[in-house]
Number of protein chains: 2
Amino acid sequence: MSLRHAVLGLLASHPATGYELTQKFDSSLSHAWHASHSQIYPELGRLAESGFVEVVGEGARGSRTFAITDGGRAELSRWMVEVEPTRTVRNETAVRWFLLFLLPPEEQRVVLERELAHTAAEEAMLRELDTVIVEGGGSPFHPTVTLGLRTLPVMRAWLQEQLDALDG
Amino acid sequence: MSLRHAVLGLLASHPATGYELTQKFDSSLSHAWHASHSQIYPELGRLAESGFVEVVGEGARGSRTFAITDGGRAELSRWMVEVEPTRTVRNETAVRWFLLFLLPPEEQRVVLERELAHTAAEEAMLRELDTVIVEGGGSPFHPTVTLGLRTLPVMRAWLQEQLDALDG
DNA sequence: GCCATCATGTAATTAGTTACATGATTAG
DNA sequence: CTAATCATGTAACTAATTACATGATGGC
């Protein structure tokens, strides 16, 4: 389970509430791991029980800010350095691209155009994230943006080639 | 759930046994979706119940070969064209890369070298898959290989840059 | 006053992993 | 003969999604 360590990692750079963590899973971490609030709140509870995080403040509307503990940092390092990474990937978009050839040309075109539009939207999102990061004086999560902005043109080129092949 | 449609997609290009499908999830589809045999066999049963696949032959050791039906093809097209794609991704390797900066330089180096070694192994695997495909007279699953071989250099360059930054 | 967003939680269901279990065939 | 691979299945458990549920705060 990477959720545990993803949450720990987010808290390692900044204390946050469950709500803020949920937002980070939807922005900076969205190309690496997904989790919704119904998973995050119970996980914070379990991490606190294990002594890896602790509540360091309470705010409006019953919000609680969590911070990583020394034990949490140790656990995170251990996981990153010593635990053999699980290489399994789950990416529905990739599945769809790889099955594309099964469709008749006209349907392929529809799907390819949808995907091209999506890469454009994604690029806009990444550029905005990048701006936020630069204005904020640099952030630990730059890799998501950097790698995203570098791999997007490769993806777009492939989609465009498939479209061109349909025409020519 | 993409498993259902991934299985349907694999059967759409070729009838196969559950065992063969399991192998394909570990090779051609490994960068898009993962599934183990304990998930695949029950799914084949459910697909058969829905009338999307059928048994078209029995072989040694109780093996059963499944093929997609017309109904299955229709369902697959519907899913690919009409169903709004789920864009959530789960990739533990990406999580690890994005948390890298949390480690002290010497540990970063260890991890970066492990990851560089992994990209090399992956490239070898992709090249071998590519050879198999070319010798087999071309295969529908070429996109996995093509995109993999194109994105790998981007990944490797990023890893190398991080390493260089540690040194210089 | 009302709508958007902030903020948290739980319950029911479905998906996925790990472990258990069995046996046939084939290459060396 | 024996180890690797082929081939299938189920059970127990863990992870993740979807749906239900509630209420505060702030801007207009």
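Every chain is numbered from 1, with letters handed out A, B, ... down the list of sequences.
A:Ser36 comes within 4.0 angstrom of a nucleotide base, judged by non-hydrogen atoms across all strands. Backbone-only engagement by A:Thr17 is indicated by non-hydrogen atom pairs under 4.0 Å involving sugar-phosphate atoms exclusively. Across all strands shown, B:Arg90 has heavy atoms under 4.0 Å from sugar-phosphate atoms exclusively, and none from any base. A:Glu58 comes within contact range of no nucleotide atom at all, as no heavy-atom separation falls under 4.0 Å.
Close to D:dA15, at under 4.0 Å from its OP1 or OP2, lies no side-chain N or O of A:Gln39. OP1 or OP2 of C:dG9 has at least one side-chain nitrogen or oxygen of A:Arg64 nearer than 4.0 Å. Side-chain nitrogen and oxygen atoms of A:Gln23 include none within less than 4.0 Å of the OP1 or OP2 phosphate oxygen of C:dT5. Checking the phosphate oxygens (OP1, OP2) of C:dC6, a side-chain nitrogen or oxygen of A:Tyr19 falls inside 4.0 Å. For D:dT8, one of the phosphate oxygens OP1 or OP2 lies less than 4.0 angstrom from a side-chain nitrogen or oxygen of B:Tyr41.
Here A:Glu107 does not pair with A:Arg96 in a salt bridge; the nearest charged N to carboxylate O distance is not below 4.0 Å. Ionic pairing of A:Arg109 and A:Glu106 is present here: one or more N-O contacts between side-chain nitrogen and carboxylate oxygen are shorter than 4.0 angstrom.
Over its full length, the helix from C:dG1-D:dC28 to C:dG28-D:dC1 turns its helical axis through 30°, comparing axes from the five pairs at each end and rounding to 10°.
Side-chain atoms of B:Pro153 and B:Trp158, non-hydrogen and from C-beta on, never get closer than 4.5 Å to each other. Side chains of B:Leu129 and B:Thr144 form no contact here, defined as non-hydrogen atoms less than 4.5 Å apart.
Side-chain polar atoms of B:His5 and A:Glu92 form no donor-acceptor pair below 3.5 angstrom. Side chains of A:Arg87 and B:Thr93: a donor-acceptor N/O pair is present below 3.5 angstrom, by distance only. Counted by atom type alone, A:Glu20 and A:His14 present zero donor-acceptor pairs between their side chains at under 3.5 Å. Under the 3.5 Å distance criterion, with hydrogens and angles disregarded, no donor-acceptor pair is assigned to the side chains of A:Thr88 and B:Arg90.
In this structure, CD1 of B:Ile40 is placed 15 Å from P of C:dA15, rounded to the nearest angstrom. What separates CG of A:Leu44 from P of C:dG9 is a distance of 8 Å, to the nearest Å. Put simply, CD on B:Glu43 is 15 Å from C1' on D:dG9, counting in whole angstrom units. Here the P atom of nucleotide D:dA15 and the CD atom of B:Glu92 are 13 Å apart, to the nearest Å.
For B:His37 against D:dG9, a side-chain-to-base donor-acceptor contact under 3.5 Å is present. B:Ser38 contributes a side-chain N or O that forms a donor-acceptor pair with the base of C:dT18 under 3.5 Å.
Summarising the geometry, atom CD belonging to A:Gln160 is positioned 9.5 Å from atom OG1 belonging to A:Thr119; distances are rounded to the nearest 0.5 Å.
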Per-nucleotide protein contact string for nucleotides 22-28 of chain D, where B marks a base within reach and S marks sugar-phosphate only (heavy atoms under 4.0 Å, - for neither): -BBS---
